[in-house]
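Quick notes on the structure that follows.
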There are 2 protein chains.
Amino acid sequence: MDIQLKRGLLDVCVLAAIKNEDSYGYRIIKDMKPYLELSESTLYTILKRLETARMLEVHTVEHEGRLRKYYHITPAGVQRIEEFKTDWEEIRSIYRFITREEA
Amino acid sequence: MDIQLKRGLLDVCVLAAIKNEDSYGYRIIKDMKPYLELSESTLYTILKRLETARMLEVHTVEHEGRLRKYYHITPAGVQRIEEFKTDWEEIRSIYRFITREEA
DNA sequence: GCGACATACATCGTAACACGAGGTAATAAC
DNA sequence: GTTATTACCTCGTGTTACGATGTATGTCGC
């Protein structure tokens with residue numbers, strides 16, 4: 001899919017991936033893969049950004065000798081998803097503008 | 001609307017705005033305004049980009065003492081719109097991923 | 001005639017961003 | 001002991017949207 005098209009979806013997608021259950025980087029990529037592929041470097045950038053924006057919180061857990069950083073969504077993160085749903089109506093309107101057949 | 005979300009829509013939107021009838025910068029902005037607002041600097045950047053990508057062609061016309069650069073869509077531009085329609089199915093799938101309610 | 005506004009184009013600098021390439025380190029399988 | 005998998009991170013680069021700014025003409029009110 002077109003990179004530019006992905007941009008607006010990525011942040012919200014990551015938030016959606018942890019909304020129902022706390023998750024960590026490696027697993028988020030796997031969960032999202034059927035819908036939207038993203039590289040590790042991209043994901044970790046996004047996670048850092050969302051953390052700075054306080055849309056998620058981190059707690060590190062040791063799991064079989066390796067570190068895992070679990071991410072938990074905050075109310076601000078949930079609100080971000082809600083805002084996306086509002087934007088969606090606008091996107092659908094734009095879609096109709098693009099696909100309309102006049103001539 | 002979220003800037004990132006606009007990004008993937010902008011190019012295709014501009015192509016759609018000239019698809020049925022050749023148009024020029026100033027008018028494109030006005031036509032698109034109800035759907036998607038964009039500044040002049042953004043539009044002219046987009047037009048230049050689409051021209052370089054040979055998705056549209058320019059012909060300059062003098063109109064009441066002022067220059068007007070009319071843009072005409074090429075087959076590659078039409079194809080770009082068709083590709084967007086394909087991408088749309090993916091976007092809808094992502095939307096469902098984001099808005100699903102599991103818990 | 002002159003100021004304000006609309007029409008119509010263009011450029012520059014900046015900040016945000018996705019991603020490839022590369023790095024570290026532990027466990028598991030063979 | 002080498003390869004694969006899990007799990008994290010950073011740096012550099014190219015693309016991009018947009019505000020600020022500039023140029024120039026036409027129109028309308030006063």
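In what follows, chains are A, B, ... by sequence order, proteins preceding strands, each numbered from 1. In what follows, every heavy atom counts, from backbone to side chain, and hydrogens, waters and symmetry copies are set aside. Bear in mind the structure is a predicted one, so any value in this text is a computation, not a measurement.
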Looking only at heavy atoms, what is the nearest atom pair of [X] and [Y], with distance?
X	Y	value
B:L15	B:M55	CD2-O, 3.9 Å
A:R92	B:W88	CA-CH2, 4.5 Å
B:Y70	B:R68	OH-NH1, 3.0 Å

If you compare every side-chain N and O of [X] against the phosphate oxygens of [N] (OP1, OP2), does one of them come in below 4.0 Å?
X	N	result
B:R7	C:dA16	no
A:K6	C:dC17	no
B:T42	D:dA17	no

Note to self: Connecting only ILVMFWY residues whose side-chain heavy atoms lie within less than 4.5 Å of each other, what is the rest of B:I3's hydrophobic cluster?
What the structure shows: none
Item checked: Out of C:dG20, C:dA18, D:dC18, whichever nucleotide has its closest atom nearest the side chain of A:S39 -> C:dG20
Note to self: What is the distance, to the nearest angstrom, from the CD atom on A:E37 to the C1' atom on C:dA18?
What the structure shows: 14 Å
Notebook entry, point to check: Whole-Å distance between D:dT15 C1' and A:L10 CG?
Noted result: 15 Å
Check: B:T45 and B:T42: side-chain donor and acceptor closer than 3.5 Å?
Finding: no
Checklist line | Earlier contact from the 5' end, DNA chain C, for A:S41 and B:Q4 | finding: B:Q4
Notebook entry, point to check: Quick one: what's the B/S/- string for nucleotides 3-8 of chain D, heavy-atom cutoff under 4.0 Å, read 5' to 3'?
Noted result: ---BBB
Item checked: Check against salt bridge (Lys or Arg N to Asp or Glu O under 4.0 Å), B:D2 and B:K6 -> CA-CA 7 Å; B:D2 177 52; B:K6 280 171 73 172; over 6 Å; no
Item checked: Nearest-nucleotide comparison on DNA chain D, the residue closer to the 5′ end among A:K48 and B:R49 -> A:K48
